[in-house]
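Only one structure is covered here, and it is reproduced in the block below.
First listed ligand is number 1; within each ligand, the first listed atom is number 1.
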Amino acid sequence: MQREIEKVAKLVARAQMVVVLTGAGVSRESGIPTFREAQTGVWANYDPERLATPEGFLADPPLVWRWYDSRRAILADVKPNPGHYAIAEMEKIVAKVLVVTQNIDGLHAKAGSTDVIELHGNITEFHCFDAGHAADDVPFGLEAPPLCHCGSMLRPAVVWFGEALPTAAIHRSTREAQKADVVFVVGTSGLVYPAASIPYIAKDAGAALIEVNPEDTPHTDIADVFLRGPSGEILPRIIEACKSLHSDPSA
Ligand code: BV8
């Protein structure tokens with residue numbers, strides 16, 4: 001693995017522009033269950049892909065509200081892990097690092113990444129279902145969605161299945177992916193579109209593709225380097241290898 005890590009470090013050290021696509025796996029070592037891991041506790045019998053839809057919300061607003069409330073409550077105590085910090089530190093090595101995340105936990109910004117696109121929104125923000133009016137200071141522990149001043153139910157400001165991603169977010173992610181020298185794909189099962197198309201777009205435009213995941217995914221076949229393991233361990237090793245390169249370019 002170390003030889004592969006040093007190969008990646010050389011690619012990063014030479015890069016002008018790196019795009020890092022992340023999924024729930026990058027937050028796993030912060031203690032947040034991944035999206036497709038069996039839901040735990042009271043949520044074990046619910047399919048997240050059914051709850052994370054407008055239909056699921058309208059079918060049972062209190063249930064979906066409580067599901068997001070329980071996930072938001074977990075966030076209150078979690079911190080970025082070494083994987084998030086390594087991605088933030090990459091900004092000291094590469095002129096331009098863009099993080100494109102599917103996660104809604106806000107941990108990349110907390111770790112210090114300065115250019116983050118949240119493709120699927122953010123669980124700590126809210127707007128109303130019918131008109132999109134923003135709402136803040138929404139208390140924890142409510143049994144059902146509170147109402148907006150316009151009378152519509154509030155919902156988390158996340159992108160549900162069947163909903164379009166924010167246009168600016170997906171357009172910018174696609175545009176930057178086409179300019180990247182290196183694209184990292186970290187902690188995503190690569191199943192959800194259009195986010196999962198970003199590595200293909202970058203690769204087709206000439207980027208080197210580096211995947212970090214304990215398991216194979218649909219992206220593994222097109223990866224130039226596949227680093228099998230947890231991102232919280234692997235990403236810091238890449239940053240360390242970049243620093244050694246910097247101090248001893250002959251390495
Ligand atoms: C849309 C927010 C159209 C809510 C989420 C083709 C083209 C376009 C759309 C589609 C298409 N085919 C199908 C679709 C529809 C759908 C889709 O992709 N379905 C899939 C399931 C087939 N896409 C959509 O509906 C999207 N919208 O296309 O709209 C449109 C256009 C115009 C007008 C109207 C509509 C919207 C998709 C967004 C859905 N919202 N989240 C919430 O979170 O509650 S997506 C959800 O999945 C999560 O956000 C999650 O981030 C995302 C992806 O999952 P992952 O992050 O990859 O997580 P997962 O658990 O799957 O995997 C974790 C990985 O981590 C694993 O690989 C594991 O091995 C690894 N791991 C574990 N531990 C570690 C680790 N890695 C590193 N380190 C570790 N320690």
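In this structure the side chain of L142 never reaches within 4.5 angstrom of the side chain of P145, judged on heavy atoms.
Residue E233 places every heavy atom at 4.0 Å or more from ligand 1.
The existence of a salt bridge linking E240 and K243 is confirmed by a sub-4.0 Å separation between a basic side-chain nitrogen and an acidic carboxylate oxygen.
In terms of protein heavy atoms, atom 74 (C) of ligand 1 is closest to G25 O, 3.5 Å. For atom 59 (P) of ligand 1, the nearest protein heavy atom (residue, atom name, distance) is R36 NH1, 3.5 Å.
Here is the list of ligand 1 atoms found below 4.0 Å of a heavy atom in I104: 42 (C), 43 (O). Under a 4.0 Å criterion applied to the non-hydrogen atoms of R71, ligand 1 contributes the atoms 42 (C), 43 (O), 44 (O). Heavy-atom contacts of E29 reach the following atoms of ligand 1: 78 (N), 79 (C), 80 (N) (cutoff under 4.0 Å). For ligand 1 and P230, the ligand atoms under 4.0 Å from any heavy atom of the residue are 78 (N), 79 (C), 80 (N). Each of the following atoms of ligand 1 lies closer than 4.0 Å to a heavy atom of P214: 71 (N), 74 (C), 75 (C), 76 (N), 77 (C). Taking a cut-off of under 4.0 Å to the non-hydrogen atoms of Q102, the atoms of ligand 1 that pass are 49 (O), 51 (O), 52 (C), 53 (C).
Checked against a 3.5 angstrom limit, the closest N/O atoms of A24 and ligand 1 fall inside it. Residue contacts with ligand 1: V192 is placed with no nitrogen or oxygen under 3.5 Å of a nitrogen or oxygen of the ligand (distance criterion only). In terms of polar-atom proximity, defined here as any N/O pair under 3.5 Å, T217 makes no such contact with ligand 1.
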Practice task
Give the C-alpha distance, both sets of side-chain angles, the deciding distance and a yes or no for ring-ring contact (aromatic ring centres under 6.0 Å, His included) between F57 and W67.
Solution key: CA-CA 10 Å; F57 179 67; W67 181 50; over 10 Å; no
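Residues H219 and F226 place their aromatic rings such that the two centres sit no closer than 6.0 Å. A centroid separation of less than 6.0 Å is found between the aromatic rings of H84 and H108.
Under the rule for a salt bridge (charged side-chain N to carboxylate O under 4.0 Å, His left out), the partners of R72 that lie at least two apart in sequence or sit in another chain are D69.
The closest heavy-atom contact to atom 34 (C) of ligand 1, among the options G121, A52, G162, comes from G162. Across G83, G23, G187, heavy-atom proximity to atom 63 (C) of ligand 1 is greatest for G187. For atom 18 (O) of ligand 1, the choice among Y68, F161, W67, Y193 with the nearest heavy atom turns out to be Y193.
Contacts between E163 and ligand 1 below 4.0 angstrom, taking non-hydrogen atoms only, involve the backbone exclusively. Of all the heavy atoms of L191, the ones lying under 4.0 Å from any atom of ligand 1 belong exclusively to the backbone. Residue contacts with ligand 1 for R28 involve side-chain atoms from C-beta outward but no N, CA, C or O (heavy atoms, distance under 4.0 Å). Under 4.0 angstrom from ligand 1, there are no non-hydrogen atoms of L119.
No hydrogens or angles considered: a donor-acceptor pair under 3.5 Å links the side chains of T22 and T101.
Of the inter-residue distances, the one linking S113 atom OG with E89 atom CD reads 11.0 Å to the nearest 0.5 angstrom.
When distances from atom 13 (C) of ligand 1 to the protein are checked, no heavy atom turns up under 4.0 Å. There is a protein heavy atom less than 4.0 angstrom from atom 32 (C) of ligand 1.
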